[in-house]
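Single-structure report; data block below.
What you see below is based on every heavy atom in this structure, not just the backbone, and it leaves out hydrogens, waters and symmetry mates. Chain identifiers are assigned alphabetically (A, B, ...) following the order of the sequence lines, protein sequences preceding nucleic acid strands; residue numbering begins at 1 within each chain.
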Number of protein chains: 2
Amino acid sequence: MLKTLPGATPLPTTPDLSAASSVAALQPLKVACASCNLRELCLPVGMTANDLARLDGLVDKRRSVPRGGHLFRNGEHFEAIYAVRTGFFKTCVSSEDGREQVTGFQMAGELLGLDGISSDHHHCDAIALEDSSVCVISYAQLENLSREFTVLQHQFHKIMSREIVRDHGVMLLLGNMRAEERLAAFLLNLTQRLEARGFSASSLVLRMTRVEIGTYLGLKLETVSRTFSKFHDDGLMEVKQRQLRILDQAGLQALVNNSRC
Amino acid sequence: MLKTLPGATPLPTTPDLSAASSVAALQPLKVACASCNLRELCLPVGMTANDLARLDGLVDKRRSVPRGGHLFRNGEHFEAIYAVRTGFFKTCVSSEDGREQVTGFQMAGELLGLDGISSDHHHCDAIALEDSSVCVISYAQLENLSREFTVLQHQFHKIMSREIVRDHGVMLLLGNMRAEERLAAFLLNLTQRLEARGFSASSLVLRMTRVEIGTYLGLKLETVSRTFSKFHDDGLMEVKQRQLRILDQAGLQALVNNSRC
DNA sequence: CGTGCTCTTGAACTTCGTCAATATTTGTGG
DNA sequence: CCACAAATATTGACGAAGTTCAAGAGCACG
């Protein structure tokens with residue numbers, strides 16, 4: 001049973017969508033994508049049972065990362081990509097003079113480390129925002145297997161391409177939108193991804209701080225906080241620190257689509 | 001001989017780095033990467049003569065795009081990626097309410113269309129900023145060939161990954177930098193890429209308008225114009241409409257690295 | 001040799017950042 | 001389990017950076 005705060009609703013934690021994970025975490029032996037509940041969201045999206053069988057052996061191990069820990073760091077040698085099993089990550093790049101940019105938040109089923117292929121070294125830091133576990137996918141093995149397995153090859157290309165498309169969307173957000181629009185777009189994206197994973201689309205607990213949200217959206221933490229307060233005042237959502245309840249999704253959507261209405 | 005304007009220095013136009021292009025443009029027959037002068041900048045980077053021979057047939061045709069014309073449009077069916085042979089492109093995405101974001105400028109040797117793999121449809125517009133020509137690389141053929149040709153497979157992955165890394169750099173720029181820093185970073189990136197193509201790193205003609213630069217950097221055209229004027233006044237460069245001469249590259253670099261010095 | 005289009009520049013205004021004070025929550029060790 | 005310290009979040013007042021609006025100058029193309 002989860003601990004609850006007096007007078008507060010129970011904190012929803014990330015449900016474990018993957019199969020038999022509590023056992024697997026203790027016995028990190030052979031794990032097959034075929035028996036993973038995340039397969040509809042992860043690398044094997046859209047594969048048949050037959051296809052899935054061929055993935056056997058691609059994921060050779062798992063890795064746990066405690067909250068605040070690094071999955072990998074900028075500059076480290078690249079040799080594997082990672083699929084989030086449980087937990088939540090952020091990736092960030094930084095400039096020479098120390099300014100940071102969060103380039104993304106990753107949840108169950110999403111891939112990390114694609115930036116490393118370009119030069120055999122990682123170009124960002126990947127940090128767990130809560131205790132997390134990932135599947136380790138050897139990149140060499142992935143290349144080998146995808147040479148004889150067309151479906152995997154195509155799927156992998158699609159995932160890289162999707163990351164490029166996503167990045168372009170973030171550029172549009174950073175280059176054109178005002179604070180309210182950015183935060184609304186961010187929240188809608190977040191709830192949409194949570195919903196795809198079986199969570200409520202209206203009630204959520206943020207896994208990241210105001211600073212981290214700001215560092216993703218190109219805003220300062222005070223602006224993020226103020227904008228949350230404004231959304232609250234406007235009746236769009238209840239905001240209580242990191243606990244959110246969306247009251248007017250359409251209202252948020254309208255903010256994103258239309259600058260001044 | 002190039003046409004020159006009276007009293008003005010000759011306008012440097014894009015030199016043709018590819019082999020026998022003026023003939024090829026008229027006779028768009030078989031062209032091999034092996035005999036293309038762009039091979040050191042394009043898909044075949046780092047390949048041996050042996051490798052290059054295996055690329056034969058990958059580029060099945062060429063295409064010319066007049067200034068202002070679309071190479072492809074958002075929503076169009078995706079079936080090929082394109083390598084710029086001559087000329088200059090921009091890619092842009094736009095939001096529902098019509099706001100635009102230029103996601104990149106592409107010059108000789110750079111690839112266009114990678115965004116299309118994600119969903120078999122293009123997610124941006126690619127528009128020529130001057131009369132241009134591209135090599136058409138059938139994506140199906142590229143997938144086929146890269147299944148039996150490890151070097152190509154790896155090279156293609158690297159290029160996609162590099163695009164992701166580049167995009168993250170743009171996010172950092174859009175999320176953290178002030179107008180002067182953005183423009184300085186943009187100009188340094190541009191001159192560096194021009195230099196890699198055999199142009200002077202200090203003297204260039206912009207192929208894009210102030211509006212387009214602003215739409216890339218998340219600034220309004222007036223801000224871009226004012227910032228150019230400031231760079232001029234500060235002795236960093238000569239600015240005469242689109243004709244630029246960098247006088248103090250180190251000064252520009254210092255602007256990028258260090259917010260206030 | 002006009003007529004677009006592009007660019008420059010000024011002035012008022014808006015948005016967001018900065019600085020500062022305070023509140024709330026979380027984590028830690030007694 | 002409580003108390004204290006550290007981290008996180010809220011809110012206000014003010015200022016800086018960039019946008020908007022407007023007018024005019026410079027080029028480029030037919």
Side-chain angles (χ1 to χ4, degrees), chain A residues 3-8 11 13 66-68 90 99-100 127 129-131 173-184 205-233 237-244 255 259-260, chain B residues 3-9 11 13 66-68 90 99-100 129-131 173-184 205-233 237-244 255 259-260:
Chain A
K3 194 171 60 176
T4 64
L5 302 174
L11 285 177
T13 55
R67 182 181 151 175
K90 69 171 177 181
R99 284 176 287 187
E100 278 211 345
I127 297 168
L129 298 185
E130 60 184 24
D131 291 350
L173 178 146
L174 290 172
N176 283 287
M177 295 187 174
R178 293 173 312 108
E180 287 183 31
E181 305 174 276
R182 293 185 198 189
L183 189 61
V205 174
L206 298 173
R207 295 264 136 53
M208 67 295 277
T209 67
R210 301 287 191 260
V211 173
E212 285 162 338
I213 295 172
T215 309
Y216 179 57
L217 297 178
L219 302 169
K220 294 299 165 185
L221 77 108
E222 294 94 332
T223 305
V224 174
S225 183
R226 272 187 253 273
T227 308
F228 269 125
S229 297
K230 178 158 194 311
F231 285 175
H232 185 111
D233 295 346
M237 59 180 68
E238 283 173 13
V239 183
K240 207 178 185 182
Q241 304 278 124
R242 301 200 192 177
Q243 184 109 27
L244 300 189
L255 262 179
S259 177
R260 292 147 207 275
Chain B
K3 193 172 61 177
T4 64
L5 302 172
T9 44
L11 284 178
T13 55
R67 180 180 154 178
K90 68 170 177 181
R99 284 175 288 188
E100 278 210 343
L129 299 184
E130 60 183 24
D131 291 350
L173 179 146
L174 291 171
N176 283 285
M177 295 187 175
R178 293 174 312 107
E180 287 182 32
E181 306 174 275
R182 294 185 197 190
L183 189 60
V205 174
L206 298 172
R207 295 264 138 49
M208 67 294 278
T209 66
R210 301 287 190 262
V211 173
E212 286 162 336
I213 295 173
T215 308
Y216 179 58
L217 298 178
L219 302 169
K220 295 298 166 188
L221 77 106
E222 294 94 332
T223 306
V224 174
S225 182
R226 272 187 252 273
T227 308
F228 269 125
S229 297
K230 177 158 196 310
F231 284 175
H232 185 110
D233 295 347
M237 59 181 68
E238 282 172 15
V239 183
K240 208 177 184 184
Q241 304 279 122
R242 301 201 190 176
Q243 184 109 28
L244 300 189
L255 262 180
S259 179
R260 291 147 208 277

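Here the CD atom belonging to B:E212 is positioned 10.5 Å from the CG atom belonging to B:L206, to the nearest 0.5 angstrom. The distance from the CG atom of A:L183 to the CE atom of A:M177 is 12.0 Å, given to the nearest 0.5 Å. Atoms OG1 and CZ, on B:T209 and B:R242 in that order, are 6.0 Å from each other to the nearest 0.5 Å. Once rounded to the nearest 0.5 Å, the distance linking CZ of B:R210 with CG of B:L219 reads 13.0 Å. A distance of 11.0 Å separates OG1 in A:T227 from CD in A:E181, rounded to the nearest 0.5 Å.
Counting any heavy atom pair closer than 4.0 Å across all strands shown, B:T209 reaches sugar-phosphate atoms only and no base atom. Residue B:S229 is classed as a sugar-phosphate contact, given heavy-atom separations below 4.0 Å to backbone atoms only.
Counting to the nearest Å, the P atom of C:dC5 and the CG atom of B:L206 are 21 Å from each other. Rounding to whole angstrom units, CD of residue B:E181 and C1' of D:dG18 are separated by 14 Å. As rounded to whole Å, 14 Å separates atom C1' of C:dC7 from atom CG of B:L183. Rounded to an integer number of Å, the gap from B:R210 CZ to D:dG18 P is 17 Å. Rounded to an integer number of Å, the gap from CG of B:L244 to P of C:dC7 is 11 Å. Summarising the geometry, the separation between CZ on B:R226 and P on C:dT9 is reported as 9 Å, rounded to the nearest angstrom. Between A:F228 atom CZ and C:dT24 atom C1' the separation is 16 Å, expressed in whole Å. Rounded to whole Å, atom P of C:dT25 lies 12 Å from atom CZ of A:R242.
Regarding contacts with the backbone of D:dT19, a side-chain N or O of B:T223 is found under 4.0 angstrom from either OP1 or OP2.
Across its full length, the helix from C:dC5-D:dG26 to C:dG30-D:dC1 shows an angle of 50° between the axes of its 5 terminal pairs at either end, rounded to 10 degrees.
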After noting the C-alpha distance and the side-chain angles of A:I213 and A:F228, does the key distance pass the side chain to side chain contact (heavy atoms under 4.5 Å, CB included) rule? CA-CA 11 Å; A:I213 295 172; A:F228 269 125; 4.0 Å; yes
Please evaluate residues A:M208 and A:K90 with respect to the criterion side chain to side chain contact (heavy atoms under 4.5 Å, CB included), reporting the C-alpha separation (whole Å), side-chain torsions for both, the decisive distance (0.1 Å), and the verdict. CA-CA 9 Å; A:M208 67 295 277; A:K90 69 171 177 181; over 6 Å; no
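Of all heavy-atom pairs spanning B:F231 and B:L255, the tightest one is CE2-CD1, 3.4 Å.
In summary, A:R207 and A:E130 engage in a salt bridge, as defined by a charged side-chain N under 4.0 Å from a carboxylate O. Between B:E180 and B:R226, none of the side-chain N atoms (NZ, or NE/NH1/NH2) sits under 4.0 Å from a carboxylate O, so this pair counts as no salt bridge.
Anti is the conformation of D:dG15, whose glycosidic angle sits further than 90° from 0.
Of the candidate nucleotides C:dC7, D:dA9, D:dA17, D:dA9 has the atom lying nearest to any side-chain atom of A:S225.
The 5' end of DNA chain D is approached more closely, in terms of each residue's nearest nucleotide, by B:A179 than by the other of B:A179 and B:R67.
For the segment residues 211-221 of chain A, residues with any heavy atom less than 4.0 angstrom from an atom of DNA chain D are, sorted by number, A:L221.
In terms of polar N and O atoms assigned as donor or acceptor, the side chain of B:E222 comes within less than 3.5 Å of the base of D:dC21 in a complementary pairing.
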